[in-house]
Amino acid sequence: MLWSRLFIPTLRETPAEAEVVSHQLLLRAGYIRQLSAGIYNYLYLAQRSLLKITGIIRQEMDAIGAQELLLPALNPAEVWQESGRWDVMGDNMFRLKDRFGRDLCLGMTHEEIMTALARGEVRSYKQLPQIWYQIQTKFRDEPRPKSGLLRVRQFIMKDSYSFDLAPAGLDDSYEKHRVAYCRIFDRCGLEYVTVDAHSGAMGGSQSQEFMVATEAGEDYTVICRPTGYAANLEKAVSRPVPPTVPDPDGALAPEKVHTPGAKTIEQVAEFLKLPQTSLMKTLVLMADEKPVIAVLRGDHQLSETKFQTAAGCTEFRPAHPEEMRQILGADAGSLGPVGVKNVRILTDIALQDRKNMVCGANLDDYHLLNVTPGEDFAPEFHDLRQVAPGDTELESGLPLEILKTVEIGHIFKLGYKYSHSMGLNVLNHEGVETPVIMGSYGIGVERILCAAVELFADQNGITLPAAIAPFEVVITPVKSSDESLQTAARALYDELKALGVDVLLDDRDLSPGVKFKDADLIGIPFRVNVGKKLVDGKVEVVNRRTRESADVAVTEAARLLAAQIAAAKQ
RNA sequence: CGGGGCGUAGCGCAGUCUGGUAGCGCACCUGCCUUGGGCGCAGGGGGUCGCAGGUUCAAAUCCUGCCGCCCCGACCA
């Protein structure tokens, strides 16, 4: 392609509304333009890159025997009502009515449509397993679109669905996807980790997320580099920092102490001259509108996900002040588990084997000393604590890191949720109707692009991996007015094209600085400068990311570049 | 939906407090010039100042309402 003929609207300055790096650079480099909050135009460069990404996805999906379909984005309400998700999805779903007043929605995922399709057609176990996938636009009415292409209302997703007769088959389909996803993200040149994830509202058993570490991410991932442990913060487990001071010895009885004005853990610790690790914090939560108490070490945070799992509730909220008073007889700041009857006391396992600690007395401005879980109250021990900085890995005791990450893929064993609610059954070997077991597997296509931009951006702009860059090579004739440079550049361009290289020729009549800056900004992995060394038959090949440059014979340049690109793509 | 910020030319901004002919830089167009890192000179085009109402002789500026965008929180298969 000739740059002079392309629409690549680069910007010298960063638009004010862009906060995260990938958003700023994709705007500046002329990849995208915003139409509305969370809705973007993908311009030529973005589209080329996205096509390369989806090309890789297609190859790897096809390689595991998956079949590509394309399903409607416009869905009738009935299908979603059958699964129950018409209501569950709430305001996150774009809804509309047709001219006759019938309810429709824009698909935010396609479990229902896939299940409905399979239900109508798949009758026998002999037709299983099946893996169907599609690459298409999904719609979600996000409460707050943000971070450029990372959280949007309309985006491209590769989603696939597996249908198996039995759990062993699902395990197999799941594993195929896991391997395919690793290949896809490897080929896209990303650095990522795979983490165990919380199954969330989807219902189902096993679930893993593919995460890329970036400051722009919204999820937190806990990793231990030496051991390879990685988990979503919602699910991560760890060894907490040990208590600062040992617990007092002896079988001591609880002792009431006046703590005027000391409400927060910090204030109580200060008042009693004890470290926060010697205190217990007591939280009152309403789990499905029934009170439940959570007790943790003073310096620990409750994990909402773990609490929900332990409490076995579908939703929960902090109790209101008047509810706390009614349940425990005191205000937040003086609450404790001692003497509590008929309320579950979920207690974090970090308090197992602890004794003679401090907690609220359920009397305003009083605390209790010498409280021992298991003696002074009846704990129900669970892992409730959110992993915190400084924690170490559970098994090895090696240091953990907590990283901000963005989710680029998610694989999920759905189980029978949709086959049950929507009646997807086949006849098994014995001729008995059996529900089909399903899996669902998603990849955020734009997020791959964003993640690559975030991972590899430098001061000069984007530096994309060769496999997903819109072009592989840009040729820059340094002096626009020099005919011999133009001719040589053009010849090299034709040669590269003949070798199947995606090459861009910067034939614009601009000063060299402008062309260099633009080429750097848009992130093409290789640049060929055709300049003054041409008189010696040489051109300069520059690696965008490493800045390494080499003078090569113009006659060899095309062949060398083709080889380097092939190597860069693995 | 709660809290905060911002809407003035394609982009970045000043002007708003204290009402009086709408500005600057970049980008864009024309010509000359220049050509190894956003080059120089000269000339030029482009804005219902987010929208609507109000106050005033006069509103980008003051008042009221609305809309949009961004950030924090809530939310997030």
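Note that these values count all heavy atoms, side chains included, but never hydrogens, waters or copies made by symmetry. Letters A, B, ... mirror the listed sequences (proteins, then strands); counts begin at 1.
If you check B:rG36 for Watson-Crick or wobble pairing at under 3.5 angstrom, you find it has no partner at all. Pairing for B:rG53 is with B:rC63, a Watson-Crick or G-U wobble pair whose two hydrogen-bonding atom distances lie under 3.5 Å. The partner of B:rC6 is B:rG68, by the rule that a Watson-Crick or G-U pair needs both atom distances under 3.5 Å. For B:rC24, the paired base is B:rG12 (Watson-Crick or G-U wobble, both distances below 3.5 Å). With a 3.5 Å ceiling on both atom-pair distances, B:rC17 lacks any Watson-Crick or G-U wobble partner. With both pairing distances under 3.5 Å, B:rC1 is matched to B:rG73 as a Watson-Crick or G-U wobble pair.
Cation-pi geometry between A:K413 and A:Y174 is met: the NZ or CZ atom falls under 6.0 Å from the ring centre, inside 45° of the normal.
Where A:H23 and A:R151 meet RNA chain B, the nucleotide closest to each residue was compared, and A:H23 sits on the side nearer the 5' end.
Of the residues in residues 130-142 of chain A, A:R140 come within less than 4.0 Å of RNA chain B through at least one heavy atom, sorted by number.
Among the atoms of the strands shown, none is found under 4.0 Å from any heavy atom of A:T476. A:P15 comes within 4.0 angstrom of sugar-phosphate atoms only, judged by non-hydrogen atoms across all strands, and of no base. Residue A:M157 is classed as a base contact, given a heavy-atom separation below 4.0 Å to a base. Across all strands, A:S83 comes closer than 4.0 Å to no nucleic acid atom at all (heavy-atom distances).
The separation between A:E19 atom CD and B:rC69 atom P is 17 Å, rounded to whole Å. Rounded to an integer number of Å, the gap from CG of A:D91 to C1' of B:rG2 is 16 Å. For A:Q24 and B:rC70, the CD to P distance is 14 Å, given to the nearest whole Å. Put simply, CZ on A:F155 is 15 Å from P on B:rC76, counting in whole angstrom units. To the nearest angstrom, C1' of B:rC75 lies 18 Å from CZ of A:R317. For A:L150 and B:rC70, the CG to P distance is 13 Å, given to the nearest whole Å. A:I39 places its CD1 atom 13 Å from the C1' atom of B:rG68, with the value rounded to the nearest Å.
When the side-chain nitrogen and oxygen atoms of A:Q34 are compared with OP1 and OP2 of B:rG68, none of them lie within a distance under 4.0 Å. Side-chain N/O atoms of A:R144 include one lying less than 4.0 angstrom from OP1 or OP2 on B:rC72.
Atom CG of A:L496 sits about 9.5 Å away from atom CD of A:E472, to the nearest 0.5 Å. Between A:I475 atom CD1 and A:L492 atom CG the span is 4.0 Å, to the nearest 0.5 Å.
The existence of a salt bridge linking A:R28 and A:E13 is excluded, since no basic side-chain nitrogen approaches an acidic carboxylate oxygen closer than 4.0 Å. Taking 4.0 Å as the cut-off between side-chain N and carboxylate O, A:R178 and A:D171 do not count as a salt-bridged pair. Comment: A:D506 does not engage A:K515 in a salt bridge, judged by the lack of any side-chain N to carboxylate O separation of less than 4.0 angstrom. Salt-bridge annotation for A:D518 and A:R508: present, with a side-chain N of the basic residue lying under 4.0 Å from a carboxylate O of the acidic one. Checked for salt-bridge contact, A:R95 and A:D141 miss the test: no charged N lies under 4.0 Å from a carboxylate O. Between A:E111 and A:R85 there is a salt bridge, since a side-chain N of the basic residue sits under 4.0 Å from a carboxylate O of the acidic one.
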*asked:* Walk along nucleotides 22-38 of chain B from 5' to 3' and tag each nucleotide B, S or - by protein heavy-atom contact under 4.0 Å, base first, then sugar-phosphate.
replied: ---BSS-------BBBB

_Working note: A:K146 + A:E218, criterion salt bridge (charged side-chain N to carboxylate O under 4.0 Å, His left out); need CA distance, chi angles, decisive distance, verdict._
CA-CA 10 Å; A:K146 59 173 178 177; A:E218 305 184 273; 3.1 Å; yes

